[in-house]
Amino acid sequence: MERLHLIILAAGKGTRMRSALPKVLQPLGGRPMLAHVLERADRLEASAVHVVVSHGREAVQAAFAQREDLRWVDQGHPGGTGHAVARALEGIPDGARVLVLYGDVPRIPLADLEGCARTRETLTVLGTRVADPRGYGRLIEDARGNLERIVEDKETDAAEAAVNRINTGVLAGDAVALRRWLGACEPPADAEREWYLTDVVAVARGEGQSVALIDSQDPDAVLGVNDRAQLAVQERLLQREIADESMREGLALADPARFDCRGTLEFGRDCRLDVNVVVEGTVILGDDVEIGAGCVLRDCRIASGARLQPYTVVEGARLGERAEAGPFARLRPGADLGEGARVGNFVEVKNARLESGAKANHLAYVGDARVGAGANLGAGTITCNYDGANKHHTEIGADAFIGSNTALVAPISIGAGATVGAGSTISRDVPDGALALTRAPARTVEGWQRPAKRPKSGEAGTEATEDGD
Ligand code: UD1
Ligand code: MG
């Protein structure tokens with residue numbers, strides 16, 4: 001919008017969070033709260049976006065370093081929301097329309113922002129009605145029902161405290177008027193109290209101006225986040241929104257209340273997610289993919305017909321068509337399961353390709369390796385890829401059979417169709433079709449007598465009991 005300047009307040013300390021992380025960087029849906037506000041701000045196509053920072057300024061600016069268009073305003077010592085807006089106004093031309101957003105109101109509906117930006121009133125405030133107004137500024141109306149002033153929570157008397165129409169913090173006005181009103185409500189330098197932006201309402205009314213009040217239609221979405229409990233409330237609301245939207249697009253969720261998407265989820269037809277699945281980064285599912293309960297998926301691609309059994313963790317990995325993993329499998333970055341390949345419980349795969357139909361069904365570590373089509377890794381197979389200094393590659397040919405509890409000391413190559421006997425430590429290449437084993441020969445001693453306990457001195461006649469106590 002032409003002449004529209006946005007001010008986003010993001011300088012507060014966030015004391016109530018009790019965190020080392022600046023409040024506006026606290027994550028909601030896997031992204032900083034401020035990212036959600038900026039996403040909405042961008043949709044308004046304003047002439048400029050001014051972000052007021054102070055506490056944790058370096059961290060906040062670094063988190064948005066790629067946004068070269070933002071105009072950062074250093075508030076210095078944060079003296080209140082009025083002080084923050086006054087500082088930002090120093091860089092805004094006369095004649096501009098100003099819309100103030102709060103960095104800690106991350107789910108503010110775009111429609112509300114557009115409503116405020118569109119009004120031509122000298123001052124417009126966005127309010128809402130809530131069941132529990134505690135903690136928020138109350139909107140006090142005069143006898144004619146016009147907004148008269150805003151009283152901050154800690155300064156309310158009993159009658160004001162009972163008012164349930166609250167200030168969302170969003171406010172729009174003319175730059176020149178805002179500058180004048182703010183000048184009029186700046187507290188003296190020695191005042192205990194902060195400089196409140198909300199005081200401009202009473203000043204404007206004192207000048208005889210009318211102040212427009214718009215009520216948000218979505219009271220839950222306009223609530224500010226000051227502590228971790230309020231952040232958790234917004235997180236659940238956001239997750240429910242994502243779940244509902246995903247279900248509308250055809251995703252089957254066992255329980256939309258037990259689904260967490262902290263990134264981007266793409267999916268084809270008939271994908272099913274059981275309860276407590278967590279999605280992070282970019283996750284892409286083909287058609288007919290089934291994800292079991294408690295799986296964690298981060299930056300991965302899972303092709304059509306693939307299955308993840310419960311409690312499988314997949315990060316930076318790919319599963320081909322009809323591949324299967326889990327329960328309790330871990331696919332780390334670079335794990336790549338071909339069509340129909342399968343890894344079972346307590347199997348860890350890192351930077352390794354399992355060609356189509358290859359299997360590692362139980363208790364294995366496959367790292368820096370390629371496992372040929374149809375090969376079978378027995379329980380307890382380990383690729384010893386690390387010599388303490390460097391990582392080495394293991395190559396296993398198609399249809400090879402690796403017996404249980406085998407250590408393959410990399411770099412090493414096991415030929416196609418080769419067999420490795422259970423319990424071996426293989427440190428030399430095995431040719432195609434060969435059998436390799438390093439097992440000590442088994443010995444059987446018939447009628448073996450276990451050692452008997454010697455009688456202790458002075459305890460003549462004492463005998464060892466059969467269970468050896
Ligand atoms: C503020 C409003 C209150 C409203 C509520 C809605 C004031 C005085 N009060 O209270 O009426 O109901 O929001 O959520 O405005 N900030 C700065 N610089 C400062 C102080 C704050 O940039 O010096 C930023 C904070 O980072 C935050 C926002 O302004 O993003 C609001 O500050 P906060 O301290 O959370 O105010 P509230 O007590 O929530
Ligand atoms: Mg707040």
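What you see is a predicted model; the values in this text were computed from it and never measured. Just so you know, ligand 1 is whichever comes first in the structure, and atom 1 is the first atom listed for that ligand.
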Check the side chains of [Y] and [X] for a donor-acceptor pair under 3.5 angstrom, ignoring hydrogens and angles.
{"X": "Thr128", "Y": "Ser216", "value": "no"}
{"X": "Arg107", "Y": "Gln234", "value": "yes"}
{"X": "His393", "Y": "Glu395", "value": "yes"}

request  = Using the six-membered ring wherever Trp is involved, compare the ring planes of Trp72 and Phe64 and label them parallel, tilted or perpendicular (cut-offs 30° and 60°).
outcome  =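 If you compare the ring of Trp72 with that of Phe64, the planes turn out tilted.
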Heavy-atom pairs closer than 4.0 Å: do any link ligand 1 to the side chain of [X], the backbone, both, or neither?
{"X": "Arg16", "answer": "side chain"}
{"X": "Ala84", "answer": "side chain"}
{"X": "Ala10", "answer": "backbone"}
{"X": "Asn226", "answer": "side chain"}
{"X": "His83", "answer": "neither"}

How close do [X] and [Y] get, heavy atom to heavy atom, and via which atoms?
{"X": "His55", "Y": "Pro22", "answer": "O-CB, 4.2 Å"}
{"X": "Ala243", "Y": "Pro256", "answer": "CB-O, 3.7 Å"}
{"X": "Leu273", "Y": "Leu285", "answer": "CD1-CD1, 4.2 Å"}
{"X": "Leu4", "Y": "Ala117", "answer": "CD2-CB, 4.1 Å"}

request  = Quick one: pull up CG in Leu28 and NE2 in His36 and give me the separation to the nearest 0.5 Å.
outcome  =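 Here the rounded value is 4.0 Å.
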Among protein heavy atoms, which lies nearest [atom], and at what distance?
{"atom": "atom 25 (C) of ligand 1", "answer": "Gly12 N, 3.5 Å"}
{"atom": "atom 22 (O) of ligand 1", "answer": "Ala11 N, 2.9 Å"}
{"atom": "atom 13 (O) of ligand 1", "answer": "Tyr102 CE2, 3.1 Å"}
{"atom": "atom 18 (N) of ligand 1", "answer": "Gln75 OE1, 2.8 Å"}
{"atom": "atom 35 (O) of ligand 1", "answer": "Asp104 OD2, 2.9 Å"}
{"atom": "atom 23 (O) of ligand 1", "answer": "Gly80 N, 2.8 Å"}
{"atom": "atom 12 (O) of ligand 1", "answer": "Asn167 O, 2.7 Å"}
{"atom": "atom 10 (O) of ligand 1", "answer": "Glu152 OE1, 4.0 Å"}

inquiry  = Counting only heavy atoms not in Arg269 (residues, nucleotides, ligands), do more than 12 fall under 6.0 Å from its CZ?
reply    =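 Incorrect, the count does not exceed 12.
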query = For atom CZ of Arg43, is the number of surrounding heavy atoms from other residues, nucleotides or ligands below 6.0 Å larger than 12?
reply =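 Atom CZ in Arg43 is not crowded, with 12 or fewer foreign heavy atoms closer than 6.0 Å.
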Those atoms of ligand 1 less than 4.0 Å from some heavy atom in [X]:
{"X": "Pro78", "value": "19 (C), 23 (O)"}
{"X": "Thr198", "value": "7 (C), 8 (C), 11 (O), 15 (O)"}
{"X": "Gly137", "value": "3 (C), 4 (C), 11 (O), 12 (O)"}
{"X": "Gly79", "value": "23 (O)"}
{"X": "Tyr196", "value": "8 (C)"}

Presence of salt bridge, [Y] and [X], under 4.0 angstrom:
{"X": "Arg179", "Y": "Asp94", "answer": "yes"}
{"X": "Glu114", "Y": "Arg40", "answer": "no"}
{"X": "Asp368", "Y": "Lys391", "answer": "no"}

Would you check whether [X] has a nitrogen or oxygen atom less than 3.5 angstrom from a nitrogen or oxygen atom of ligand 1?
{"X": "Leu9", "value": "yes"}
{"X": "Val105", "value": "no"}
{"X": "Lys23", "value": "yes"}
{"X": "Gly135", "value": "no"}

inquiry  = Quick check on Ile166 - does any of its heavy atoms sit under 4.0 Å from an atom of ligand 1?
reply    =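 It does not, in that no heavy atom of Ile166 comes within the 4.0 Å cut-off of ligand 1.
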task = Would you name the N/O/S atom of Asp104 that lies closest to the Mg ion (ligand 2)?
result =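 Nearest N/O/S atom of Asp104: OD2.
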The Mg ion (ligand 2) reached by Tyr102 (N, O or S, under 2.8 Å) =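 Given the 2.8 Å cut-off, Tyr102 does not count as a ligand of the Mg ion (ligand 2).
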Any Arg165 side-chain heavy atom under 4.5 Å of Asp215 side chain =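 In contact.
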ask   = So which of Val100, Val85, Thr81, Leu101 gets nearest to atom 7 (C) of ligand 1, if we judge by its closest heavy atom?
value =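 Shortest heavy-atom distance from atom 7 (C) of ligand 1: Thr81.
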